[in-house]
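Some notes on the structure that comes next.
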Amino acid sequence: MNYINIQEIDSLQEWVKEAIAIKKNPLQHKSLGENKTLGMLFFNPSLRTRLSTQKAALNLGMNVMVMNFTNEGWTLEFEDGAIMNQGASEHIKEAAQVVSQYCDIIAIRAFAGLTDKEKDNAETVLSGFLKYATVPIVNMESATGHPLQSLADAITMEEHKTAHRPKVVLSWAPHPKALPQAVANSFVQMMQLQEADFVITHPEGYELNPEITKDSKIEYDQNKAFENADFIYTKNWSNYKEYGKVTNLDPNWTVTAEKMKLTNNAKFMHCLPVRRNVIVADEVIDSANSIVIEQANNRTYAAQLVLQKILKDGK
Amino acid sequence: MNYINIQEIDSLQEWVKEAIAIKKNPLQHKSLGENKTLGMLFFNPSLRTRLSTQKAALNLGMNVMVMNFTNEGWTLEFEDGAIMNQGASEHIKEAAQVVSQYCDIIAIRAFAGLTDKEKDNAETVLSGFLKYATVPIVNMESATGHPLQSLADAITMEEHKTAHRPKVVLSWAPHPKALPQAVANSFVQMMQLQEADFVITHPEGYELNPEITKDSKIEYDQNKAFENADFIYTKNWSNYKEYGKVTNLDPNWTVTAEKMKLTNNAKFMHCLPVRRNVIVADEVIDSANSIVIEQANNRTYAAQLVLQKILKDGK
Amino acid sequence: MNYINIQEIDSLQEWVKEAIAIKKNPLQHKSLGENKTLGMLFFNPSLRTRLSTQKAALNLGMNVMVMNFTNEGWTLEFEDGAIMNQGASEHIKEAAQVVSQYCDIIAIRAFAGLTDKEKDNAETVLSGFLKYATVPIVNMESATGHPLQSLADAITMEEHKTAHRPKVVLSWAPHPKALPQAVANSFVQMMQLQEADFVITHPEGYELNPEITKDSKIEYDQNKAFENADFIYTKNWSNYKEYGKVTNLDPNWTVTAEKMKLTNNAKFMHCLPVRRNVIVADEVIDSANSIVIEQANNRTYAAQLVLQKILKDGK
């Protein structure tokens, strides 16, 4: 069993329930991971994912080994048949098979490069490990998805749900740097597994990959999208059509208290790290309706659920 | 309970006694830290502090998770109300709250920048974590203090004390690079908690922050200061008045065997790393009177005492 | 007991037998390393060595602490009597003594610089730690040797040996960058402890240090060397005479299927990472005769045997 994409979850509701049970008693399965090793491979920086996934493994009694590829200047080759006389010192074929021998589960972070859409969509790094590794793989944010984040988001929304069918808005917001679409993609896919009135709002031209959004509703008027919303999930992503470009920095898309007034007293969500007063005004993220810190906390239990399922699957 | 400043210690003598007891039996409280996690956050390089604090946590049965902010290129924003459209990707408000959810204790290293005295004196990083973290904080050297070092120094001095009230000299020495005042500051504050004849010696103009030195005796003549000393604690710091500048490289301040002859067969101390034959001559640091290696060893027990007190405090 | 050089092994055959026993039951001595700490010091990047040595320590129940000197920008001074007013912030005398106080075993990786033959042959870093450390030292690849690799190689060859006295060929192959001779050196020394028909093949001028090769047979015709071989161990090294230079990039030395046909159905070996289609053709490394992944796996058991022997030695 791997954990690559949130779409693979058989029953999201069941998973969320199990994660909430883990949260109540995180050390319940402390012996499950005994003498098992989680290898965490980072091709990009990480704070929350690094610490929460490690914490999840420790809660299960696992050992953790970390390899930071970027800091080490270790470059992998992913192309079949490549004549490796350039920068890359090792082929994914060897790297994946070798690391599989030292670890019981491999977790990988490898962001989109945002220069070559096709390569990013092919998930070069993650696919390479999936193809050649001989142990289960966990996605700690890949080029196109961040399913541990979306699972944590689903847990957090369940903890804050009200009686009725909720209205959930994924709202783009401006950001000075080009960011991947991964978090937004996985959030959309997670919402497609939920009963909800789901709306995506962003400036025209900032459409996500249509193969991911499918028939999810898109509303270009942010104010209209916010009306009666129960959850506002904000996230920047760079342009998908003009791939990896920042073509819009419009501060009118920043989430403000005024805009939140249009909602049904909505909870404010963001995966963090967040640029204050660019993505969201202080007044919103500091308000009682902001649940971003709880989201981050649930990252531990999302990761723990995934590791636990993989460990049980292997027994 | 936090451990931010050596001045906060209620009874230094009591603490030193407890640390020496820990040193005799370091694994005595191996179960105290079970299922507890120490998060070590480094904004600057570290060898001794990294390994000794980690060792202390392991002796207590704790888990350790390490985050190197600098290597990761992760920059935090500390200003309230900042419009975060520049380099910083995350505000301390979120970072501190989030990490608090994954760790039971957070230890932080964040040196002085030595360009902005006011900002350094405000202890931007440490204060930010203190304000927003929801778990105890341990100072692994901040802009203005290094209380784990001074506690280790106090332990080491206790182990080498003679019958009489000792004369202790903190002596500045030259160094090619601009170094923070943190170690010197904490040593001064620690000595102010001790019964001793304490003298600070440095070139004129190299006065430490007077709010820290208070009425501690300053002697500009190094030779005179060394007379009859029982402990020579040597350390470079950059100019505090001409903030962060190196205005003196006078090799006459290097601690030599000749100068040590002026003392009462004094022990030589330094926090390490030390520049040989710049700060201190080989003949002194290699002599039987040098106790720098023991000082470094006591870093483990200083850290262990602090972690132990925090863990017990939380029970 | 240290583990610096494969030549120090009293009985290689005995060691290989013990390692294979460990492989069958790696957790058998889980309590041997309890409350013992392995300090891993990296002056160079590492993937296999980092993870396999850590895994070996975990299998023995040890704690592991890692220090990446390069990433930390921590430079050591190795010269006696140096006036340390340049880049180096700490002398090996202090560093080695201090780290010895926090660790029960110190493992070190410090590659050849390849600019100063004398300095590399003096094994500056490793020798410095050997001289001043007060705990056992393990070589995780030094300037001139990689004995954990060669021990793993010996284990792998034992697992694939056939009835007769094997013919073993160490073959140089081209590589775009200047690489150390360490792996080749240790392989040669390991073969000198074995019963085998051992041949080294490389272009004229690429002779290894004659003090290491001694009377090992050298054959400049690669095809001739390959005839009837049972094991082909391929590895690039930079020129030893024109020290650290790449004076030959001849693609005719790449190991191809055609060349492998000259052998006695030989197993293909390489320490990894390997440059595909430069060192070896895909068709060879992807063939059933390639045992490179097993070699990497045996790194864990080689390291575990060494750590186990050191731990037992200290009891």
Checking heavy atoms, do the side chain of [X], its backbone, both or neither come under 4.5 Å from chain B?
X	value
A:Ile285	side chain
A:Ile293	both
A:Asn297	both
A:Pro176	side chain

Would a distance-only check, ignoring hydrogens and angles, find a side-chain to backbone donor-acceptor pair under 3.5 Å from A:Arg275 to B:Met84? yes

Just by modelled atom types, is the B:Ala82 backbone N or O under 3.5 Å from a matching donor or acceptor in the A:Asn277 side chain? yes

How about [X]: does its [atom1] atom have over 12 heavy atoms from other parts shown lying under 6.0 Å from it?
X	atom1	answer
B:Ile83	CD1	no
B:Glu8	CD	yes
A:Glu283	CD	yes
B:Lys177	NZ	no

Interface residues of [range] facing chain A - non-hydrogen atoms under 4.5 Å apart:
range	answer
residues 110-141 of chain B	none
residues 47-67 of chain B	B:Asn63, B:Val64, B:Met65, B:Val66, B:Met67
residues 91-99 of chain B	B:His91, B:Lys93, B:Glu94, B:Gln97, B:Val98, B:Val99

Heavy atoms only, distances under 4.5 angstrom: which of A:Asn68, A:Asn44, A:Leu272, A:Ile279 has the most pairs with chain B? Name it, please. A:Leu272

If we define contacts as heavy-atom pairs under 4.5 Å, which of B:Asn35, B:Leu41, B:Asp80 has the most with chain A? B:Asn35

Under 4.5 Å, counting heavy-atom pairs only, tell me which of B:Gly81, B:Ser89, B:Cys103 racks up the most with chain A. B:Ser89

Using heavy-atom distances under 4.5 Å, tell me whether B:Glu77 contacts chain A through its side chain, its backbone, both, or neither. neither

Could you name the residues of residues 148-159 of chain A that have a heavy atom within less than 4.5 Å of a heavy atom in chain B? none

Minimum heavy-atom separation for A:Pro273 to B:Trp74, with atom names? CG-CZ2, 4.0 Å

